[in-house]
A.B. asks: 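The structure that follows is given in the form of structure tokens.
As the structure lists them, so they are numbered: ligands from 1, and atoms in each ligand from 1. We count residues from 1, following the sequence as given. Please read all numbers here as calculations on a predicted model, not as lab measurements.
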Amino acid sequence: MASKTLFAFLFASFLLLSIPPPSTSQNHLTSFSISDSPWRPSSNKLLLSPNSTFAAGFLPLPASPNLYSFSIWYNNNNFSGGTENPSTVVVWSATFTANASLSITNSGRLVLVSSGGASPSNLWPGAPSSGSNSNSSTSLILSEDGNLAFGDFWSSFLHPTDTFLPGQSINGTSIRSRNGKFSFSDSTSLFFNTSEQYWKIDDALSQLSPDGTVPKASGDKVYCADYGSNRTRRLKLDDDGNLRIYSFDPVERRWFVAWQAIQEPCRVKGICGENAICTTTNDGSDSTSCVCAPGFAAVGGSSSCRRKRKIELGGSDFKFLRLDYVNFSGGTNGSLLDAPNFGACRANCSAMPSCLGFLFKYDGSGYCFLHLGRLLDGLWSPGTEAAMYLKVHASETDAASNFTVLMDVLPTTCSVRIGLPIPPEESNSTARNVAIICTLFAAELISGAVFLWVFLRKFIKYRDMAQTLGLELLPAGGPRRFTYAELKLATGDFSKAIGRGGFGDVYRGELPDKRVVAVKCLKNVAGGDAEFWAEVTIIARMHHLNLVRLWGFCAEKGQRILVYEYVPNGSLDRYLFPAGRTLASLDVEPDPNGPTVIDGKKPMLDWGVRYRIALGVARSIAYLHEECLEWVLHCDIKPENILLGEDFCPKISDFGLAKLRKKEDMVSMSRIRGTRGYMAPEWIKSDPITPKADVYSFGMVLLEIVTGSRNFEMQGSLMDSEDWYFPRWAFEKVFKESKVEDILDRQVKHCYDKKVHFEMVDRMVKTAMWCLQDKPEMRPSMGKVAKMLEGTVEIIEPTKPTIFFLQE
Ligand SMILES: *[C@@H]1O[C@H](CO)[C@@H](O)[C@H](O)[C@H]1NC(C)=O
Ligand SMILES: *[C@@H]1O[C@H](CO)[C@@H](O)[C@H](O)[C@H]1NC(C)=O
Ligand SMILES: *[C@@H]1O[C@H](CO)[C@@H](O)[C@H](O)[C@H]1NC(C)=O
Ligand SMILES: *[C@@H]1O[C@H](CO)[C@@H](O)[C@H](O)[C@H]1NC(C)=O
Ligand SMILES: *[C@@H]1O[C@H](CO)[C@@H](O)[C@H](O)[C@H]1NC(C)=O
Ligand SMILES: *[C@@H]1O[C@H](CO)[C@@H](O)[C@H](O)[C@H]1NC(C)=O
Ligand SMILES: *[C@@H]1O[C@H](CO)[C@@H](O)[C@H](O)[C@H]1NC(C)=O
Ligand SMILES: *[C@@H]1O[C@H](CO)[C@@H](O)[C@H](O)[C@H]1NC(C)=O
Ligand SMILES: *[C@@H]1O[C@H](CO)[C@@H](O)[C@H](O)[C@H]1NC(C)=O
Ligand SMILES: *[C@@H]1O[C@H](CO)[C@@H](O)[C@H](O)[C@H]1NC(C)=O
Ligand SMILES: *[C@@H]1O[C@H](CO)[C@@H](O)[C@H](O)[C@H]1NC(C)=O
């Protein structure tokens with residue numbers, strides 16, 4: 001009953017919204033000439049293209065039915081309606097007018113006049129000037145491609161509003177969003193308020209082709225997700241400031257977004273007002289919301305915020321709140337300093353009364369940006385890779401929690417410089433954490449100073465390179481498309497293999513711009529070109545410090561190749577386990593730039609580094625699960641897929657690939673691994689796979705990080721017995737026998753100092769135990785796991801991990 005009512009309602013609203021203007025006895029024109037003048041909204045005329053794909057006429061404004069605008073829209077019912085676009089799809093419209101009429105005058109001019117005013121005013125944008133020798137026999141014609149033309153004098157294609165159609169030249173004209181806030185100009189850039197640029201493509205776009213590409217002046221192209229098939233398409237600047245290509249899917253009979261300029265909607269300027277921060281809602285839609293920065297309150301009825309308590313000029317009654325991943329990116333008057341460390345950056349801002357806060361990067365680059373002007377266009381984005389320290393009144397009680405909960409920049413960032421960040425003086429649990437982590441850092445530094453120094457010199461080059469590349473983190477139009485020939489050249493005909501994994505072989509390569517890349521040739525990939533491209537675009541959208549960055553791809557002649565950033569130190573397993581105990585033995589040449597070897601020995605990962613790796617991995621998986629929607633399950637977490645950056649900052653690879661994989665492959669893979677691998681029990685039981693499967697795999701890796709031993713081994717010897725279960729063994733050692741020392745990696749056991757390391761190791765072991773529970777619902781979510789490791793939540797005593805086939 002309820003559904004019936006709902007259906008009726010939907011149907012009614014569909015009718016209301018989708019029926020183009022007046023319907024009774026419409027007068028269909030094939031051309032509009034002087035004899036049809038004047039044309040008023042009430043004349044019930046409709047100008048149609050030859051095959052009736054497009055129609056032009058007066059459309060009532062949705063909000064006020066007494067107002068009309070002269071518009072062009074898709075007339076074919078196939079292209080309007082559907083769930084995505086219940087209303088008429090308008091591709092061009094003149095400025096909204098009341099009581100307008102369209103006429104061809106005796107002198108042959110085409111005019112759109114508003115009859116309301118005393119003297120009729122010409123509202124037609126770009127109607128022929130009075131000087132032109134127009135001809136009264138010229139008529140207005142709508143062609144099949146959607147162009148409305150009045151002889152050679154005027155055409156809608158030369159005066160676009162918010163949409164470009166295939167065949168229409170993008171070069172030389174600009175479009176504006178319907179709400180007037182945003183514009184796309186110079187065929188390259190998006191602007192807010194005509195001057196604030198927020199997006200730019202490297203090269204001018206020429207025109208949209210029906211096959212779903214947009215050639216650029218350089219000959220390169222922009223590709224739609226469904227490029228290759230001739231479809232009905234349009235390029236539109238939407239009211240949210242994003243430039244999108246819509247394609248009409250003839251099977252599902254709806255429009256869908258096949259390409260968009262901006263992947264993170266908060267990068268559009270002007271979305272939120274002053275002192276507000278734009279965040280993306282978590283529901284997977286691209287909608288945004290504006291929240292006030294801590295210490296600020298909303299100004300009624302606007303998206304701007306006002307400081308709650310003023311800071312006295314020159315006083316010292318202020319403190320700083322740390323907002324991770326927040327950047328106020330617009331209109332600020334600021335100064336960029338090269339600060340030797342966090343303290344110097346903060347001191348500079350403290351000393352300056354006009355400083356509202358500062359942005360600091362913990363990567364040792366000395367990036368310190370002081371905000372002196374207004375705080376505009378605030379956004380939260382993992383792509384920021386910096387923390388904003390906001391100056392607020394000392395008595396401020398607002399917590400910065402909304403912007404620190406998800407991912408802390410500080411602990412996972414791997415500082416290379418000896419100048420360590422000074423923790424902010426906060427008395428909450430974060431501060432405690434920071435203190436712990438800094439102690440770890442310090443301990444690590446003393447033991448590893450020499451090692452770090454050697455390291456530093458060797459990899460300073462990489463770091464600089466990575467930072468230069470960092471500027472390209474957010475690719476303009478998604479990942480770059482490479483040709484097979486380009487990659488063949490870059491990799492020396494795929495000669496330098498650096499890895500062999502489940503998804504395919506990996507080669508080292510160097511692009512013409514000297515970027516070193518890891519080129520992964522995928523095998524057994526399901527789906528067509530368009531599907532592959534769509535997946536790759538999604539993978540490339542994921543930005544996190546602890547995820548390997550995808551730069552491009554190649555889909556040519558059945559090849560499926562991904563181009564990743566090159567992570568110099570290779571995978572975690574090479575450091576954790578004694579040589580020769582790799583899962584699939586790597587019969588490849590040692591990579592000359594591969595794992596760091598000092599005096600012929602691999603460096604030892606000390607407890608601090610291990611903890612940081614665990615935390616970084618946990619956070620990035622949490623990011624994949626919670627920020628990027630649940631469909632981005634990793635499904636293949638193991639030490640081989642955890643790569644180590646130049647300063648042993650962990651980076652996860654192979655994420656997002658599970659979807660590309662054929663299902664049978666995944667299943668057979670899990671069989672091969674059997675129960676002793678990293679696959680959660682639900683893979684074997686054929687239970688539904690949820691994000692908790694990744695949690696299990698992570699738990700196994702965590703335990704291996706602590707023990708330095710594969711889960712099917714015990715301190716060097718292969719455990720073949722049917723009823724031996726690694727997590728259970730570890731549990732009994734730690735919680736029954738209270739002998740933590742017994743499970744610790746022998747390589748670094750001597751460095752274990754109970755006073756310094758106990759809490760950290762204890763947290764790692766307890767967290768691992770919770771992750772390794774047999775029942776998925778018993779395992780914590782990945783976000784919780786990250787917090788357990790951080791110490792921001794209490795960890796209750798774990799229950800003994802067991803597995804369904806083991807009898808207790
Ligand atoms: C209109 O449709 C006819 C038949 O469907 C087709 O032959 C013709 O090419 C179409 N004209 C245009 C301009 O698309
Ligand atoms: C509209 O859609 C129907 C059903 O999909 C199809 O048969 C018809 O040819 C389409 N008309 C046009 C003009 O595309
Ligand atoms: C439009 O014209 C009608 C009569 O022609 C008049 O009654 C009405 O007030 C006009 N509306 C506006 C908004 O000018
Ligand atoms: C007006 O148009 C007609 C037919 O299109 C043409 O024969 C005539 O020469 C034109 N006159 C001028 C002044 O362009
Ligand atoms: C647009 O820019 C002008 C001048 O550059 C400024 O006065 C105006 O406030 C801006 N509008 C918005 C909405 O920011
Ligand atoms: C764009 O237009 C300018 C002149 O309007 C022309 O010189 C240039 O070649 C055009 N570029 C493309 C890619 O069409
Ligand atoms: C798309 O249309 C163009 C010209 O209209 C034609 O050359 C091309 O073969 C078509 N492609 C497909 C895949 O139908
Ligand atoms: C903050 O935003 C500005 C403007 O978009 C940009 O130039 C700057 O690099 C951003 N800072 C960081 C750390 O991302
Ligand atoms: C930027 O701030 C400095 C210091 O407050 C001030 O002197 C300067 O005039 C400001 N510039 C602009 C463009 O507002
Ligand atoms: C501001 O930064 C500069 C450069 O890092 C430094 O030399 C100077 O001492 C700092 N000023 C204060 C007040 O800390
Ligand atoms: C955090 O955000 C929510 C809405 O997203 C808001 O209601 C709440 O007040 C915010 N908390 C703080 C401390 O800013």
A.B. asks: So for atom CD, which belongs to E312, do other residues, nucleotides or ligands contribute more than 12 heavy atoms lying within a distance under 6.0 Å?
C.D. replies: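 Result for CD/E312: open.
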A.B. asks: Going by the atom numbers of ligand 8, which of them fall below 4.0 Å from some non-hydrogen atom of L359?
C.D. replies: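 Listed by number with element, the hits are 11 (N), 13 (C).
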A.B. asks: For a 4.5 angstrom cut-off between non-hydrogen side-chain atoms, does Y246 reach D238?
C.D. replies: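 Yes, their side chains come closer than 4.5 Å.
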A.B. asks: Walk me through it: do K308 and E396 pass the test salt bridge (charged side-chain N to carboxylate O under 4.0 Å, His left out)?
C.D. replies: CA-CA 9 Å; K308 284 196 276 189; E396 188 50 64; 3.7 Å; yes
A.B. asks: Is atom 7 (O) of ligand 10 near the protein, in the sense that some protein heavy atom lies at less than 4.0 Å from it?
C.D. replies: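 Under 4.0 Å from atom 7 (O) of ligand 10, zero protein heavy atoms found.
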A.B. asks: Against ligand 8, does F328 come closer than 4.0 Å with any heavy atom?
C.D. replies: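 F328 does not count as a contact of ligand 8 under the 4.0 Å cut-off.
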A.B. asks: Residue-level breakdown please: for F369 versus ligand 8, do any non-hydrogen atoms fall below 4.0 Å on the side chain, on the backbone, on both, or on neither?
C.D. replies: neither
A.B. asks: Under the 4.0 Å line, does any protein heavy atom show up next to atom 2 (O) of ligand 10?
C.D. replies: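 Within 4.0 Å: yes, protein heavy atom nearby.
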A.B. asks: Which ligand 10 atoms, with their elements, are less than 4.0 angstrom from a heavy-atom of D338?
C.D. replies: 5 (O)
A.B. asks: Quick one: list whatever passes side-chain contact (heavy atoms from CB on, under 4.5 Å) with A518, sequence neighbours left out.
C.D. replies: I498, V506, Y564, Y566
A.B. asks: Under 4.0 angstrom from ligand 10, any heavy atom of P340?
C.D. replies: yes
A.B. asks: Which atoms of ligand 10 sit under 4.0 Å from any heavy atom of A347?
C.D. replies: 14 (O)
A.B. asks: From the options V326, D377, N327, select the one whose nearest heavy atom is closest to atom 12 (C) of ligand 8.
C.D. replies: N327
